[in-house]
Amino acid sequence: MFDENLIVYLNGKYLKLKDANISPMTHGLHYGTGVFEGIRAYKIKKGTGIFRLTEHTNRLFYSASKLRLEISESKEEINNICLELLRKNNLESAYIRPLIYFDDSSLGMKIGANKTSTFIVVFNWPKYLAQEVNVKISPLRRISEKSTICDAKISGHYINSFMASADAKESGFDEPLLLDHKGAIAEGSVANIFFVSNNNLVTPQKGKILAGITRQSVIELAKDLGYTVQEKEIFSKDIVKFKGAFFTGTASEITPIKKIVLEDGQEISFDVNVVEELKEAYARIISEDSMDEKEWFTMI
Ligand SMILES: Cc1ncc(COP(=O)(O)O)c(C=O)c1O
């Protein structure tokens, strides 16, 4: 349960979560016609700061443009609302969720028939995944670029993530790993994937995946640490040659993978220790010890 006294933002007003009512006729609720972001604020050495806020807001507006949603607020206003909500809720670290969706003006499939609503909430959300995870290749394929704009963070896309995640959990795994329509590795339900071997990182290329902001941050960090990074197509048969693997995402940060079970039942085990250096480097950035030399934070 969420604290119903949390101060949230809805269409120009700050109000308590319990008073932020929306109609059951909301288009976004029926069809998933909304776009959202998952952002984190951390308490770092010089105070509370939002991690890569500009990049998240840019992606929110990119997703909205693909869904033909016109966001009422400017990028700067969205950023300021996120910062203001942290202040109003006295939160030093938090998960921030902006959600923009088509309202209850109409239930048809007609562009322009609905107004857009903006909802933003901030709350405490601990790391989403366990410390280390066991993964199963999902029998469900990742949404295709032939069916939708799959690098937009559109609410309805998460039916795919939810179904794959439910299947993995029902089969005793922590997370699914989804393949694309060609059978190449795409990503987890809410996280991107990397493979590691001897200072070399390999990750699926952009286009068919959500271009994760943590993914981009890890690529930059890894290069600073002397890793080479390849963005390329990877197939299940290739992953046996890697020593380590990990997921990246705002909610799950860096999560080492212990094991991936392929579609034919073959188990591939990974050494979680090979992820340690990157995990520590990332943890330093988002912790109190961070020197913030990368200017990745927008301070409140
Ligand atoms: C499908 C999917 N892939 C990857 C990610 C990771 O993206 P980010 O690092 O920007 O949080 C997410 C997280 O929201 C996601 O939902």
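In what follows, residues are counted from 1 in the order of the sequence shown. Worth saying up front: this structure is predicted, and the values here are computed from it rather than measured. Whatever order the structure lists them in is the order used to number ligands and atoms, beginning at 1.
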For S189, counting its heavy atoms only, list the atoms of ligand 1 lying under 4.0 Å from any of them.
1 (C)

Starting from atom 9 (O) of ligand 1, find the nearest protein heavy-atom neighbour and note its residue, name and distance.
T214 OG1, 2.5 Å

Residue part near ligand 1, for R59, under 4.0 Å between non-hydrogen atoms:
side chain

Hey, is A191 one of the residues with a heavy atom under 4.0 angstrom from ligand 1?
yes

Y158 N/O under 3.5 Å from ligand 1 N/O
yes

Does the ring of F270 carry K243 above it, NZ/CZ under 6.0 angstrom from centre and within 45° of its axis?
no

E37: heavy atom below 4.0 Å from ligand 1, yes or no?
no

Show the atoms of ligand 1 that are less than 4.0 angstrom away from any heavy atom in G249.
6 (C), 9 (O), 11 (O)

Measuring from the heavy atoms of Q216, does anything fall under 4.0 Å of ligand 1?
no

Would you call the rings of F102 and H27 parallel, tilted or perpendicular, taking 30° and 60° as the class edges?
perpendicular

Could you see which bit of A251 sits under 4.0 Å from ligand 1, with heavy atoms only: side chain, backbone, both or neither?
neither

Among all protein heavy atoms, pick the one closest to atom 14 (O) of ligand 1 and tell me residue, atom and distance.
K153 NZ, 2.5 Å

Salt bridge or not between K16 and E4? Use side-chain N to carboxylate O under 4.0 Å.
no

Is there at least one pair of N or O atoms, one from I213 and one from ligand 1, spaced under 3.5 Å apart?
yes

Where do S138 and E263 come nearest, in terms of heavy atoms and distance?
O-OE2, 4.2 Å

How close do N114 and S106 get, heavy atom to heavy atom, and via which atoms?
ND2-O, 3.0 Å

Is the distance between the ring centroids of F123 and F2 less than 6.0 Å?
yes

Taking R40 first and then E253, would you say they form a salt bridge - that is, a charged N and a carboxylate O separated by under 4.0 Å?
yes

Can you tell me which residue among R215, R142, K208, K206 is in a salt bridge (Lys or Arg N to Asp or Glu O under 4.0 Å) with E187?
R142

Does NZ or CZ of K75 lie under 6.0 Å from the centre of the six-membered ring of F61, at an angle within 45° of the ring axis?
yes

Steps toward side chain to side chain contact (heavy atoms under 4.5 Å, CB included) verdict (I285, W296)
CA-CA 9 Å; I285 295 272; W296 279 350; 3.9 Å; yes

Using a plain distance cutoff, I'd like to know if T248 has any nitrogen or oxygen under 3.5 Å from a nitrogen or oxygen of ligand 1.
no

Quick one: do T118 and L10 satisfy side chain to side chain contact (heavy atoms under 4.5 Å, CB included)? Show the steps, please.
CA-CA 6 Å; T118 301; L10 181 64; over 6 Å; no

Polar-atom distance check: T250 versus ligand 1, any N or O pair below 3.5 Å?
yes

Counting from 1 in the order shown, the ligand 1 atoms closer than 4.0 Å to a non-hydrogen atom of G212 are 7 (O), 8 (P), 9 (O), 10 (O)

With respect to E187, determine whether any N or O atom, backbone or side chain, lies less than 3.5 Å from an N or O atom of ligand 1.
yes

Check if S217 has a non-hydrogen atom at a distance under 4.0 Å from any atom of ligand 1.
no

What protein heavy atom sits nearest atom 5 (C) of ligand 1, and how far away is it?
V190 O, 3.5 Å

